[in-house]
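Taking it in order: structure first as structure tokens, then the write-up.
Residue numbers start from 1 in every chain, and the chains themselves are labelled A, B, ... in the order their sequence lines are given, proteins ahead of strands. If you're wondering where the values come from, they're calculated on a predicted model, not measured in any experiment.
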Amino acid sequence: MSAENTSPSPSAPAPSDFIRDIVAQHVAEQRYAKIVTRFPPEPNGYLHIGHAKSICLNFGIARENNGRCNLRFDDTNPVKEDVEYVDSITTDVKWLIDGWADHCLGFKAKGTHPAATPFNGKPDFYLPPVADAKSPDAEAFFASDYFEPLYLYAVELIKRGKAYVCDLTPKETDEYRGAPDKPGKESPYRNRSIAENLDLFQRMRAGEFPDGARTLRAKIDMASPNVWLRDPLLYRIRHVDHHHAGSGWCIYPLYDYAHCLSDYLEGITHSICTLEFDVHRALYDWILEALDLPRPLPHQYEFAKLNLAYTLVSKRKLLKLVEEKIVTAWDDPRMPTISGLRRRGIPAPALREFVTSVGVTKFDSLTEAAVFENVVRNYLNGAAQRRLAVLKPVKIVLTNIPAGEEVACEAVNNPQDEQPTTRRIALTREVFIESDDFAEVPPPKYFRLKPGGEVRLKYACIIKLDEIVKDASGAISELRCTADLTTRKGEPNADKKVKGTIHWVSATKCVEAEVRLYDRLFTVPEPAAEEDFLKVVNPKSLEVVTAKLEPSLAGATLADRFQFERLGYFALDPKESQPGKPVFNRTITLKDTWAK
RNA sequence: UGCCUGGUGGUGUAAUGGUAGCACAGCAGAUUCUGACUCUGCUUGUCUAGGUUCGAGUCCUAGCCGGGCAGCCA
């Protein structure tokens, strides 16, 4: 990959969008010493394909500008969060950016916290220098590591008369807020003295009050047309331990308060989020300005999140699919989670290519599934080794080949390679072909095997169907054919043309494997728009078969990507495949323009 | 009937006052030892109405339509 090529794959042009335009302008005017972005997931679920878009945007901007992108857990709500998710998210991010933007990944030394350090004569907090993300002593950033500075900033806000402790109940707070088209009402606790606020806030931290009894609120404007400016809550009381911060706290900051200050502490320059946070930007700016902080302030930019046809990207709904056992787990290969896509066999560069190709705008769009499928096929077409496999076998007996004889054939590993390599496969008396590749009563324009018809066995020779043998129940037990060995490569009739070429495996030299065939999880393009998305789950999203594979597939490794010729792209299941007992997942089918 | 934001072929996206382009999808054909890939051709678009301008997808005004926002979630 050339140094100036900033795209997710070596061949595509460097991406350009309205956010990158803004960053480019800031770089041109040297507004910041270094471009620093962040990816701030809440550890309350697994990352999905929508997050992949955000990851590629944030890390992409970092790598294109010799900057950095911090992985920061936005873990301010201990009630919903868990270390299980911290681990899965870290794994997923690293997997997605590996070999592309891993050198931009901002991590810190394990266990470190910001230290109080004056800056330009003002009190401020400094983070330790970033650590090598590949070191075992490094970890991601955590908003919960900033609880102490955040608390001190809140005290400062109180001292400046810009925050107060409010005793309204949750219900009252709601009523006082008013409605979008109706101004709110000021809290009766709004004008407490600074001394009283300081005392109360300190006692909130000390644990003197029960959950929900008091909050810390910003003093802004209860009549603002933007409801997020109507004295928003900054802190709430929660007497629970925190998965990362431990047991030291019973007050926890809310998103709006924690996020902008976390960005500030980390020296983030461009804080990129999705459209629904647009109305929060005024609050983001208000908090930072109210504190009169000494260093350059971060700014928030919003883009439209990814919507993909036939898929859901709501953590709540994805969790429901797991809980209802509609899928086996968060990383079920049918899930749009990053771990599910990985398990399905989608290569990280293909995922990056896709989420980059849809672009970055403020337009709420719905991307067709075909776009994703095209990118995956395109990538795999170049990357996958061709192999022969039969999913639903029908036995063929080549009556003119003696039992025990092996006819050596040469198969191409990948015709897309500039210098394709080959391997040997053996044609034997008995072989399996795909049941779809035979029709006793063929439809019009059927190119495959039919009574009295000829077809080529790929890499081998042309065969002619002589006889259909059925068992007592009328089911086909075998097809007796004659092989024309003179049509093999290198033989006199090698160039003989037949309409159909089909795949096959030797019945005596093959290996068996479980193969999982996946289809889309939902039957409608917009499952999220359904009143009950569980009612549009595709009942046929998974089919399991015992397939016959060419022997070389017994040596498949997790990193391998295969095209089972004429069927699709397949990869070993990293979770359930065992040595000697392989399990393959179908990543995606080949395009099929043959009318079914 | 509040605030924010957006509207370019079927879908997604580009054009930053100067030839509406690209990708995917679709259709037709060529090629093919994968009905894949590849190649060729075709269909289809600036929300509406005014205005500014030599010239408007782009700027202005009004309207229409869509999305988001009223958690002690993020």
Side-chain angles (χ1 to χ4, degrees), chain A residues 12-13 16-18 21 40-42 44 74-77 79-81 166 168-171 173-174 177-184 211-217 224-230 232-238 252 254-256 258-259 273-282 302 304 309 315 357-375 377-378 381-382 386 388 411-412 415-416 445-448 455-462 487-489 494-503 563-568 589-595:
Chain A
S16 165
D17 55 66
F18 79 100
D21 289 348
E42 183 189 15
N44 69 343
D74 217 343
D75 55 350
T76 57
N77 186 2
V79 178
K80 292 187 174 178
E81 299 157 4
C166 180
L168 252 27
T169 65
K171 191 164 176 285
T173 306
D174 216 33
R177 187 159 32 230
D181 55 347
K182 199 173 74 203
D211 287 4
R214 288 191 159 93
T215 58
L216 183 74
R217 302 178 68 174
S224 171
N226 181 343
V227 293
W228 289 100
L229 259 21
R230 321 243 262 226
L233 274 59
L234 270 21
Y235 272 88
R236 79 290 222 184
I237 300 170
R238 287 281 178 277
Y252 292 97
L254 279 110
Y255 166 84
D256 289 294
H259 203 90
C273 61
T274 47
L275 250 29
E276 68 267 29
F277 292 99
D278 186 309
V279 286
H280 294 242
R281 191 176 58 240
E302 309 87 18
K315 279 191 214 170
S357 73
V358 299
V360 179
T361 67
K362 301 186 91 149
F363 179 64
D364 189 33
S365 60
L366 179 64
T367 298
E368 289 179 340
V371 178
F372 176 66
E373 291 165 0
N374 175 65
V375 169
R377 287 189 184 111
N378 203 31
N381 183 40
R386 310 293 121 122
L388 297 183
V412 178
Q416 306 292 324
K445 287 194 178 174
Y446 187 79
F447 299 161
R448 287 106 93 159
V455 76
R456 178 178 285 278
L457 295 183
K458 180 133 193 182
Y459 304 126
C461 61
I462 292 171
T487 59
R488 286 183 299 155
K489 188 166 191 171
D495 293 333
K496 180 177 173 184
K497 303 291 180 196
V498 284
K499 265 300 207 183
T501 299
I502 63 175
H503 58 278
Q563 181 196 105
F564 291 174
E565 295 213 38
R566 303 208 310 129
L567 295 172
T589 61
L590 247 30
K591 199 195 277 182
D592 185 6
T593 51
W594 165 245

Side-chain N or O of [X] closer than 4.0 Å to phosphate OP1/OP2 of [N]:
| X | N | answer |
| --- | --- | --- |
| A/R236 | B/A74 | yes |
| A/K591 | B/G35 | no |
| A/K497 | B/C33 | yes |
| A/T593 | B/A36 | yes |
| A/T367 | B/C24 | no |

If you look at every strand shown and take non-hydrogen atoms under 4.0 Å, does [X] touch a base, only sugar-phosphate, or nothing?
| X | answer |
| --- | --- |
| A/S224 | nothing |
| A/E42 | sugar-phosphate |
| A/N226 | nothing |
| A/Y235 | nothing |
| A/Y446 | base |
| A/I462 | nothing |
| A/L254 | sugar-phosphate |
| A/A460 | base |
| A/F447 | base |
| A/V279 | base |
| A/R177 | sugar-phosphate |
| A/R238 | base |

With P as the reference atom in both, quote the distance from B/G66 to B/G71 in angstrom, rounded to an integer.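 Per the computed distance, 24 Å lies between those P atoms.
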Please give the distance between the P atoms of B/C54 and B/U5 as a whole number of Å.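 The answer is 32 Å between these two P atoms.
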Looking only at side-chain atoms of [X], point me to the closest of [options].
| X | options | answer |
| --- | --- | --- |
| A/N378 | B/A74, B/U38, B/C3 | B/U38 |
| A/F277 | B/G12, B/A74, B/G35 | B/A74 |
| A/E368 | B/C69, B/C24, B/U34 | B/C24 |
| A/T215 | B/G12, B/C73, B/C72 | B/C72 |
| A/K458 | B/U16, B/U34, B/G35 | B/U34 |
| A/P170 | B/U34, B/G35, B/C72 | B/C72 |

Please state whether the base of B/U34 and the side chain of A/Q563 form at least one donor-acceptor pair under 3.5 Å?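 Flag set: donor-acceptor pair detected.
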B/G67 base / A/E276 side chain donor-acceptor hit below 3.5 Å: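 Under the 3.5 Å cut-off, the side chain and the base do not form any donor-acceptor pair.
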In B/G45, glycosidic geometry as syn within 90° of 0 or anti otherwise: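 Chi for B/G45 falls in the anti range.
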Quick check: do A/D211 and A/R236 have side-chain heavy atoms less than 4.5 Å from each other?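 Contact flag for A/D211/A/R236 side chains = no.
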